[in-house]
Amino acid sequence: MRVIYTKHIPFSGYVAITFFEWVIARKEFNPLDEKILNHESIHVAQNREMAYIFFYLWYAVEYLVRLIQYKGDMKKAYANISLEREAYDNDDDTSYISRRRHYAWRRFL
């Protein structure tokens, strides 16, 4: 996993975003703290096990379903995507990634 710092990506309100094997983070958060790095490393693991393209397809479809479920509340829809819930629930545990089971995000559906 490589961290790339930029001025404009991700958009305001977000610190970092995972894109395949890279983490793109806002320059003002250089260096990223351990919790954010752990969160993004969980997304990298999810990406790998879902052959990258399926990660983004699943993410988009589930986001749309959650958007309908939460009546257009974008923040609530985002927070309840199973991939995000796994990452948020475990980003404090620095040993999680080493013992994480494949497709662990399914528990959060």
Taking every non-hydrogen atom, the tightest pair across [X] and [Y]:
{"X": "V23", "Y": "E40", "answer": "CG2-CB, 3.6 Å"}
{"X": "A77", "Y": "Y63", "answer": "CB-CE1, 3.8 Å"}
{"X": "D92", "Y": "N38", "answer": "N-ND2, 4.3 Å"}
{"X": "Y78", "Y": "Y88", "answer": "OH-OH, 2.9 Å"}

Side-chain touch R2/E21, heavy atoms, less than 4.5 angstrom: no

If you define the side chain from C-beta out and look only at heavy atoms, does anything of L67 sit under 4.5 Å from M74? yes

Given 3.5 Å as the limit, does a donor-acceptor pair link the side chain of R26 with the main chain of A16, or not? no

Among W58, F54, Y59, find the residue that satisfies the ring-ring contact (aromatic ring centres under 6.0 Å, His included) test when tested with W105. W58

Does R100 pair with E49 as a salt bridge, N-O distance under 4.0 Å? yes

Do the charged groups of E28 and K7 touch, with an N to O distance under 4.0 Å? no

Residues clustered with I42, ILVMFWY side-chain links under 4.5 angstrom: Y96, I97

Mutual orientation of the aromatic rings belonging to F19 and W22 [parallel < 30°, tilted 30-60°, perpendicular > 60°]: parallel

